[in-house]
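Whatever order the structure lists ligands and atoms in, that order sets their numbers, starting from 1. Predicted model, so just to flag it, every value in this text is computed and none were measured.
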Amino acid sequence: MKIFLETFGCQMNEYDSELIRSILRSQQHTFVDNLDHAEVALLNTCAIRENAHEKIYYRLDELRGRKRRQKKLVVGVLGCMAQNLRQELAEHAPIVDIVAGPDSYKRLPLLIDAVLGKGEKGFDFSLSEYETYSDIAPQRQAGVNAWIAIMRGCDNFCTFCVVPYTRGRERSREPKNIVAEVHRIAAEGFRQVTLLGQNVNSYRFEQHDFADLMEMVAAVEGIRRVRFTSPHPKDFPRKLLRAMAANPKLCKHIHLPLQSGSDSVLDRMGRTYTKKEYLDLVDEIRTIIPEVSLTTDVICGFCGETDTDFEETLEVVRRVEFDSAFMFKYSQRKQTIAERKFEDDVPEEVKTRRLMRLIDLQREISKQRNTVEVGKIHDVLVEEPSKKNPHEWLGRTDQYKGVVFFDESAKPGDFVQVRINAAGTNTLRGTIERPSWRRLPVMAAAADCCQN
Ligand code: SAH
Ligand code: SF4
Ligand code: F3S
């Protein structure tokens, strides 16, 4: 069959779509980029906030119209929203033929066969305690960065969050198997690996912890940068900070979700750290890795959040001076502890007002943090043509800051040295100081890369 697959949500879903491609291609299915040519339309969905659901319902409406013209089109909803809404999707969306959660992808070929062969609906939402898809080689689009899921699920049950219900119990993949995947990736030409997990700090396989895994991955020849997302502030290992400070391939950027700066809100969120513990951790991170960049996630208007609570969040944001942040209005999710225990009592307009204030503050801080870079020279990994001007390149510094520059001879995957000469809120601009040194042997280039 000709399959059109569209992915929504986080990098974990992007990775899962690569697994889905691999699973379905092994059964002789092919993928098309244009829905007009598809016999099966699969949506790999997200459930994190209500607007994620809305996007999918909008897409399903479009597919409903299309199915009137193209009666045989098979429609499947996969991923977190499929797992979260299961019955609702199965019963209330007659155009949906397949519903499969994040642990059911190996059964997709059977589900498709059941729809095609017997005209049955194909539903599977069983969550597994063991499935890590470690026997599937994801089919990636060629590029510079490869995502690798090192674990699946989450056991943290932050009270606002739906992920433990959509992705099930936490399980880690065997390091040997992850390292084998990194070798394959390096051979395919990827230069950077980003390790993914809902809480990478709790990665554990036999005696190996996350810091051990980072070192193992960084040791793979051909891989020049290793990143990860996300750690949880409650258990950030000091061993990992020391490894990041010492190993030039481990990038000096930490995404450290704050969520709120108020102790009472953090407590209701079930985050298990206080404002002071978070700030102490930030101080320690900056002592061990002075050049580190810090980014974060913040939620505005969680249940019971008062003006004073919100002021505390602003205070932490001011004190830490994050390089950038993802900021959200609280969105109540089905099944979560917050839905059962607390009232979603912050009015929508208050949530919006707080979010706007937070965004304004963070924009100012991001601009300041970027302005400090002007005049410095950075090693930049070239990623892709700039969206605004395809004659220029977009690359990233070790600290994950985007840099736009012009270089006639550069290619994605090259390292170049760029002198920063202008700073915006989201990106830096610079001029080439030293063109690509991709032709140097990998080890020499890696040593070069840590000199600044
Ligand atoms: N596992 C990651 C988070 C994944 S979800 C971690 O703990 O860092 C990404 C972000 O979405 C969260 O950090 C949180 O800020 C936001 N988020 C999660 N649930 C939300 C909700 N119900 N409403 C608004 N934002 C939410
Ligand atoms: Fe959700 Fe918390 Fe798990 Fe992150 S750590 S996925 S916010 S429950
Ligand atoms: Fe990711 Fe959305 Fe699921 S953020 S884990 S795809 S709910």
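Only the side chain of C80 comes within 4.0 Å of ligand 3, judged by heavy-atom distances.
By the 4.0 Å heavy-atom criterion, G79 is excluded from the residues contacting ligand 3. Residue R167 places every heavy atom at 4.0 Å or more from ligand 2.
Not a single N/O/S atom of C46, whether from backbone or side chain, sits less than 2.8 Å from atom 1 (Fe) of ligand 3. With 2.8 Å as the limit, C161 does not count as an N, O or S neighbour of atom 3 (Fe) of ligand 2.
Atom numbering of ligand 3 starts at 1 in the shown order; those under 4.0 Å from a heavy atom of N13 are 6 (S). Short contacts between ligand 3 and Q198, defined as distances under 4.0 Å to a heavy atom of the residue, involve ligand atoms 5 (S). Below 4.0 Å from some heavy atom of F157 lie the following atoms of ligand 2, by number and element: 8 (S). The contact set between ligand 2 and P164, taken as ligand atoms under 4.0 Å from a residue heavy atom, comprises 8 (S). Near F160, the atoms of ligand 2 lying under 4.0 angstrom from a non-hydrogen atom of the residue are 7 (S). Here is the list of ligand 2 atoms found below 4.0 Å of a heavy atom in R271: 2 (Fe), 7 (S).
Taking the ring axis of Y273 as reference, the NZ or CZ atom of R271 does not stay both within 45° of it and closer than 6.0 Å to the ring centre. Note that R333 lies outside the cation-pi zone of F160, set by a 6.0 Å cut-off to the ring centre and a 45° limit from the axis. Relative to the six-membered ring of F328, R49 meets both conditions, a distance below 6.0 Å and an angle of at most 45° to the axis.
From the protein, the heavy atom lying nearest to atom 8 (S) of ligand 2 is C158 N, 3.3 Å. Of all protein heavy atoms, the one lying nearest to atom 6 (S) of ligand 2 is Q198 OE1, 3.5 Å. Atom 1 (Fe) of ligand 3 has C10 SG, 2.3 Å as its closest protein atom, hydrogens excluded (heavy atom only). Shortest contact from atom 3 (Fe) of ligand 2 to any protein heavy atom: C154 SG, 2.3 Å. The protein heavy-atom contact nearest to atom 7 (S) of ligand 3 is A47 N, 3.3 Å.
Contact of the Q83 side chain with the Y165 side chain is not registered, since no non-hydrogen atoms from C-beta on lie closer than 4.5 Å.
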Review point. Would E311 and R354 satisfy salt bridge (charged side-chain N to carboxylate O under 4.0 Å, His left out), going step by step from the backbone distance to the final call?
Key: CA-CA 9 Å; E311 289 301 328; R354 288 181 188 163; over 6 Å; no
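Looking only at atom types and distance, the side chain of H255 has a donor-acceptor partner in the side chain of D297 under 3.5 Å away. No side-chain donor from either of S128 and D103 sits under 3.5 Å from a side-chain acceptor of the other.
The pair R64-D61 meets the salt-bridge criterion, since a charged nitrogen lies less than 4.0 angstrom from a carboxylate oxygen.
Around ligand 1, the residues contributing at least one heavy atom under 4.0 Å from the ligand are I48, R49, F160, Q198, S230, P257, Q259, R271, D297, I299, F328, K329, Y330, S331, R333.
H232 approaches N201 most closely through the heavy-atom pair O-ND2, 2.7 Å.
Of the options R49, R167, M81, the smallest heavy-atom separation from atom 5 (S) of ligand 3 is shown by R167.
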